[in-house]
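Naming convention: chains lettered A, B, ... in sequence-line order (proteins, then strands); numbering from 1 in each chain. None of these values were measured; they are calculated from a predicted model.
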Protein chains: 2
Amino acid sequence: MGMEDDLYTRELINRLARLDATSAWKGDLNPAQKAALTYLARANRFSRSPSHLAEYLGSTRGTISQTFKALVQKGYVTERRSQADKRAISFDLTEKGVQAIDAPNLLGRGISKMDQQIKKDLLTSLEVLSRQLLKENGSRAFGVCNQCRHFSARKNGGHCMLLSEDLSPAETLKICHEQEAA
Amino acid sequence: MGMEDDLYTRELINRLARLDATSAWKGDLNPAQKAALTYLARANRFSRSPSHLAEYLGSTRGTISQTFKALVQKGYVTERRSQADKRAISFDLTEKGVQAIDAPNLLGRGISKMDQQIKKDLLTSLEVLSRQLLKENGSRAFGVCNQCRHFSARKNGGHCMLLSEDLSPAETLKICHEQEAA
DNA sequence: TTGCAATAGTTTCGACTCGATACTAATAGT
DNA sequence: ACTATTAGTATCGAGTCGAAACTATTGCAA
């Protein structure tokens, strides 16, 4: 495969994302806001701050702060201040926020209709590319809790040895900003 | 593959595009402007108007008009008015515009470093997905000139039987908004 | 313990996107 | 000769984007 195909691959990824974004713009949420909600749904309770999202999206705290402001105002998320560290803020999805994520969308429909094998190949190669990109970029991987070297399994859920916190079964499947590959 | 994987696939596509966009924002071009330049580089001389780009990107004429205005002002493209149809405008890349497209970028580097087979699988599955999405969306395919049923090959390049125009070899490889699969 | 430095988050700035809407000018069809 | 359609533009309000300046808190070291 040559240079040409590489360019085309890049353009396809961007175009797909763009068409998905266009369908998002229609509603009351823009793509940045939608990306924030999606992240919140996948991140554990230690990883839902403006800083974490900024790092995940490759953005800045200032920008993300604005996005959360809009989301709070529209009732998609609520703010929760930490009493341990009075600087820290965490955001939680409201019922409305959860519904917005599950809303039908163009890209999701397209993916669901793909042939099983091709779909599987797509996911595999996207994961490879994603890893490559993050390495290139010096970004953190933002892996899942139960794949972490600070994770220890318990009968019901698990335990984080870094933060000394018990974890529910659901939580062990979520993104953690402290995650380091086992 | 279940619902979960579909969601994850969608998120990966969006995240990849987002990280690529972030690296674009750094310079003097934003993602929308970059998408416009990329399109111009791939579209033939009959397909470089605001309307065509709007349709390609799933956007509106008003928005695209603004984007071209910014690009002209910054010297990346030039305007060319048609004398046949005095409403029509076409944009051409300047030297600066061509250079901007060839500039190194995060996603391009990531793709170039992938294993050949995985890269090929990625391109194939993205094409399948893209076709599925466009069908779903009722959008035009924006195929390449020489794959068109109005195309007829000539010794040097080709000829468009719809527009009655001769085509250079390079032009036969470009996107045409009139294209209909052969 | 006082005195910074680092961290978390916010605000403001200017350029720009986004869809929607209302507009002008040119062309096509009846 | 009308009228509908098409091509492009201007303007609006909400929001994004990075950058930079800002506040409040926390951590560390002398």
Here the residues of residues 29-47 of chain B within 4.0 Å heavy-atom distance, strictly under, of DNA chain C are B:Asn30, B:Ala32, B:Gln33
Round to a whole Å and report the spacing from [atom1] of [X] to [atom2] of [N].
{"X": "A:Arg48", "N": "C:dA8", "atom1": "CZ", "atom2": "P", "result": "18 Å"}
{"X": "B:Leu57", "N": "C:dC18", "atom1": "CG", "atom2": "C1'", "result": "13 Å"}
{"X": "A:Gln66", "N": "D:dA19", "atom1": "CD", "atom2": "P", "result": "16 Å"}
{"X": "B:Lys74", "N": "C:dG14", "atom1": "NZ", "atom2": "P", "result": "17 Å"}
{"X": "B:Leu19", "N": "D:dG18", "atom1": "CG", "atom2": "C1'", "result": "16 Å"}
{"X": "A:Glu79", "N": "C:dG9", "atom1": "CD", "atom2": "P", "result": "10 Å"}
{"X": "B:Asp28", "N": "D:dC17", "atom1": "CG", "atom2": "P", "result": "18 Å"}
{"X": "B:Gln73", "N": "C:dG14", "atom1": "CD", "atom2": "P", "result": "16 Å"}

Run the salt bridge (charged side-chain N to carboxylate O under 4.0 Å, His left out) test against [X] and tell me which residues pass, sequence neighbours left out.
{"X": "A:Arg87", "result": "A:Asp85"}
{"X": "B:Lys113", "result": "A:Glu136"}
{"X": "A:Arg10", "result": "B:Asp20"}
{"X": "A:Glu127", "result": "none"}

Residue pairs passing the ring pair (Phe, Tyr, Trp, His ring centres under 6.0 Å) test with at least one member in residues 94-132 of chain A, sequence neighbours excluded, are none
Determine all donor-acceptor pairs shorter than 3.5 Å in which one atom belongs to a side chain in residues 143-157 of chain A; sequence neighbours excluded.
residue: A:Asn146; atom: ND2; partner: A:Thr172; partner atom: O; Å: 3.4
residue: A:Arg149; atom: NH2; partner: A:Glu180; partner atom: OE1; Å: 2.9

Q.
Do the side chains of B:Lys119 and A:Asp6 get close enough for a salt bridge, i.e. N-O under 4.0 angstrom?
A. yes
Rounded to the nearest 0.5 angstrom, the CG-OG1 distance for A:Leu107 and B:Thr9 is 9.0 Å
Students should find that the hydrophobic cluster of A:Ile89, defined by side-chain heavy atoms under 4.5 Å apart, otherwise consists of A:Leu29, A:Leu37, A:Tyr39, A:Leu40, A:Leu53, A:Tyr56, A:Leu57, A:Ile64, A:Phe68, A:Leu71, A:Val72, A:Tyr76, A:Val77, A:Phe91, A:Leu93, A:Val98, A:Ile101, A:Phe142, A:Ile175
#### Entry: Sugar-phosphate only, base, or nothing, as touched by B:Ala84 at under 4.0 Å among non-hydrogen atoms
sugar-phosphate
Sequence neighbours excluded, the answer for side-chain contact (heavy atoms from CB on, under 4.5 Å) partners of B:Asn30 is B:Trp25, B:Ala32, B:Gln33
Listed pairs, N/O of protein and of nucleotides 19-21 of chain C, under 3.5 Å:
residue: C:dG19; atom: OP2; partner: B:Ser59; partner atom: OG; Å: 3.1
residue: C:dG19; atom: OP2; partner: B:Thr63; partner atom: OG1; Å: 3.3
residue: C:dG19; atom: N7; partner: B:Thr63; partner atom: OG1; Å: 3.2

Whichever of A:Lys69 and A:Arg18 has the more 5' nearest nucleotide on DNA chain C, that residue is A:Lys69
Output one line per pair: protein atom, nucleotide atom from nucleotides 5-7 of chain D, and distance, for all N/O pairs under 3.5 Å.
residue: D:dT6; atom: O2; partner: B:Arg87; partner atom: NH1; Å: 2.5

Residue pairs passing the salt bridge (charged side-chain N to carboxylate O under 4.0 Å, His left out) test with at least one member in residues 58-70 of chain B, sequence neighbours excluded, are none
